Amino acid sequence: MSKKITISPKPTAGSADSWVKSRELNKEPMKRLTIDIPESLHRKIKAQCAMRGNKIVDEIRELLFEKYGNQ
């Protein structure tokens, strides 16, 4: 049994630039936040996010917005 993998074509400079610009429109500048959490908590978060198909950063950001508001 073989596994088939689809590889997308390499993006061109123009398409990459337009993608970046589309992400920047009407967006507030971002700042990086680094926190230390216990390894066991990180494993739980990572596993739950993987099961839901979400990124950890998106879920943590959503929790922060719920607690502190969107603006």
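Predicted, not measured: the structure shown is a model, and the values here were computed from it.
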Report yes if the side chains of [X] and [Y] come closer than 4.5 Å at any heavy-atom pair, otherwise no.
{"X": "Lys46", "Y": "Arg43", "value": "no"}
{"X": "Leu64", "Y": "Arg61", "value": "no"}
{"X": "Glu59", "Y": "Arg52", "value": "yes"}

Within a radius of less than 6.0 Å around CD of Glu62, do more than 12 heavy atoms belonging to other residues, nucleotides or ligands occur? no
For Glu66, which residues count as a salt bridge (charged side-chain N to carboxylate O under 4.0 Å, His left out) partner, sequence neighbours excluded? none
Do [X] and [Y] sit in the same hydrophobic cluster, where Ile, Leu, Val, Met, Phe, Trp and Tyr count as joined when their side-chain heavy atoms come under 4.5 Å apart?
{"X": "Ile56", "Y": "Leu33", "value": "yes"}
{"X": "Ile35", "Y": "Leu41", "value": "yes"}
{"X": "Ile60", "Y": "Tyr68", "value": "yes"}

